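What follows is a set of notes on a single structure, which appears directly below.
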Amino acid sequence: LKTQLPKSIPYILDFNPKTNKVTHLASGKNIHPDYKKGLESGVEIGPNAAACGAAAFNKQHTHIDNVSSHPNFTAMKQLMSKCNVETCSAYPIISKNNEVLGTLSFYFNEPISLTKNQEDIITIFLPYIASVLAHAKQEQTLTTVNQHYLQSQQSSKTGSWEWDLLDHSVWWSDQTY
């Protein structure tokens, strides 16, 4: 993507439905540190919430020029000016179940319009990013469920075991002993 959009600062934001915000997940080294810090606290999604929040809310690409004067950036005007951001473009990352996982976003330090070829290339990458992000979220959920299960075994002073009838292997949880 960086070769197709050489003047862009790309980043991926993760959507948390509990907080209704997108937060910084990944970016290149060239992202402005203050911009990254602002994204780490999160942007609430909504029809008028910057480019990334609007893209996640509307489930469609959002491209905004002249961010310093655009109403979607009123709350972030000072940050945009400090980081010299002129244009923001955000694409929602959508799961196979049509759920928003996050956004693939770009900011530019100059006014820019994306070509059809550039938009097509970004669109090609979105399902791959969605797959990786969905997998990471599933792993996080599984880890949390396993932690709760282990805590419940410790609290109840019970254990669990498994016997594989095919290979005759046996597994015991630590609490079983």
Side-chain angles (χ1 to χ4, degrees), residues 1-5 8-47 49-62 75-76 88-107 119-177:
L1 288 174
K2 190 67 178 147
T3 58
Q4 292 298 314
L5 298 161
S8 72
I9 312 295
Y11 52 98
I12 296 174
L13 301 179
D14 179 41
F15 175 61
N16 183 338
K18 291 179 184 175
T19 62
N20 201 41
K21 289 183 175 184
V22 287
T23 55
H24 180 268
L25 180 66
S27 60
K29 292 183 275 183
N30 54 348
I31 192 168
H32 192 287
D34 291 333
Y35 195 87
K36 182 178 176 180
K37 186 175 181 179
L39 293 173
E40 287 171 348
S41 62
V43 175
E44 191 161 339
I45 72 163
C52 52
F57 182 82
N58 295 316
K59 294 185 178 180
Q60 65 183 20
H61 173 227
T62 302
M76 302 173 74
C88 283
S89 197
Y91 293 80
I93 302 169
I94 308 289
S95 74
K96 290 180 182 177
N97 300 331
N98 201 33
E99 296 170 342
V100 175
L101 300 173
T103 66
L104 171 61
S105 303
F106 304 87
Y107 78 77
E119 287 187 11
D120 289 346
I121 289 169
I122 293 167
T123 303
I124 288 169
F125 275 96
L126 288 172
Y128 298 105
I129 296 169
S131 178
V132 169
L133 199 51
H135 181 76
K137 287 178 181 264
Q138 288 172 341
E139 278 188 357
Q140 174 84 35
T141 299
L142 186 58
T143 298
T144 301
V145 168
N146 283 337
Q147 288 171 345
H148 291 163
Y149 179 68
L150 291 173
Q151 289 170 347
S152 67
Q153 279 191 341
Q154 290 172 348
S155 297
S156 65
K157 297 186 188 317
T158 59
S160 58
W161 58 275
E162 180 180 302
W163 177 19
D164 187 325
L165 296 174
L166 296 176
D167 68 7
H168 303 289
S169 63
V170 179
W171 171 86
W172 303 84
S173 70
D174 290 341
Q175 285 297 315
T176 306
Y177 294 108

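Fair warning: this is a prediction, and the values are worked out from it, not measured in the lab.
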key: Selection residues 24-36 - residue pairs positive for salt bridge (Lys or Arg N to Asp or Glu O under 4.0 Å), sequence neighbours left out   =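 Sorted result for residues 24-36: Asp34-Lys82.
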
query = Could you give all pairs that pass the salt bridge (Lys or Arg N to Asp or Glu O under 4.0 Å) test and reach residues 148-169, with sequence neighbours left out?
reply =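 Listed by first then second residue: nothing to list.
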
inquiry  = Applying ring pair (Phe, Tyr, Trp, His ring centres under 6.0 Å), can you list everything that pairs with Tyr91, at least two apart in sequence or on another chain?
reply    =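 In terms of ring pair (Phe, Tyr, Trp, His ring centres under 6.0 Å), with neighbours along the sequence ignored, Tyr91 is linked to His61.
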
message = So, using ring pair (Phe, Tyr, Trp, His ring centres under 6.0 Å) as the criterion, who are the partners of Tyr107 when residues are at least two apart?
response =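 For Tyr107 the ring pair (Phe, Tyr, Trp, His ring centres under 6.0 Å) partners, ignoring immediate neighbours, are Tyr35.
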
For the residue pair [X] and [Y], establish whether any side-chain heavy-atom pair is separated by less than 4.5 Å.
| X | Y | value |
| --- | --- | --- |
| Pro92 | Phe57 | no |
| Ile129 | Ile12 | yes |
| Val100 | Ile45 | no |

Counterpart residues, side-chain contact (heavy atoms from CB on, under 4.5 Å), relative to [X] (two or more places apart):
| X | value |
| --- | --- |
| Asn30 | Lys2, Ile9 |
| His148 | Thr144, Gln151 |
| Leu150 | Gln153 |
| Ala54 | Asn58, Thr62, Asn72 |

More than 12 heavy atoms from other groups under 6.0 Å of [atom1] on [X]:
| X | atom1 | value |
| --- | --- | --- |
| Gln140 | CD | no |
| Trp163 | CH2 | no |
| Lys59 | NZ | yes |

ask   = What closest approach, in Å, do Leu101 and Ala130 show between heavy atoms, and which atom pair accounts for it?
value =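 Residues Leu101 and Ala130, closest heavy atoms: CD1-O, 3.4 Å.
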
Non-hydrogen atoms of Ala55 and Thr103 that approach each other most closely =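 What the structure gives for the nearest pair is CB-CG2, 4.5 Å.
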
Quick one: list whatever passes side chain to side chain donor-acceptor pair (under 3.5 Å) with [X], sequence neighbours left out.
| X | result |
| --- | --- |
| Thr3 | none |
| Lys137 | Asp14 |
| Ser27 | His24 |
| Glu139 | His135 |

Roughly how far, to the nearest 0.5 Å, is [atom2] of [Y] from [atom1] of [X]?
| X | Y | atom1 | atom2 | answer |
| --- | --- | --- | --- | --- |
| Ile93 | Glu99 | CD1 | CD | 14.0 Å |
| Leu5 | Glu119 | CG | CD | 10.0 Å |
| Phe15 | Ile94 | CZ | CD1 | 10.0 Å |
| Leu39 | Cys52 | CG | SG | 6.5 Å |
| Leu25 | Leu104 | CG | CG | 11.0 Å |

key: Flag, side chain of Ser131 to backbone of Pro127, donor-acceptor distance under 3.5 Å   =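 Judged by distance alone, no pair lies under 3.5 Å.
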
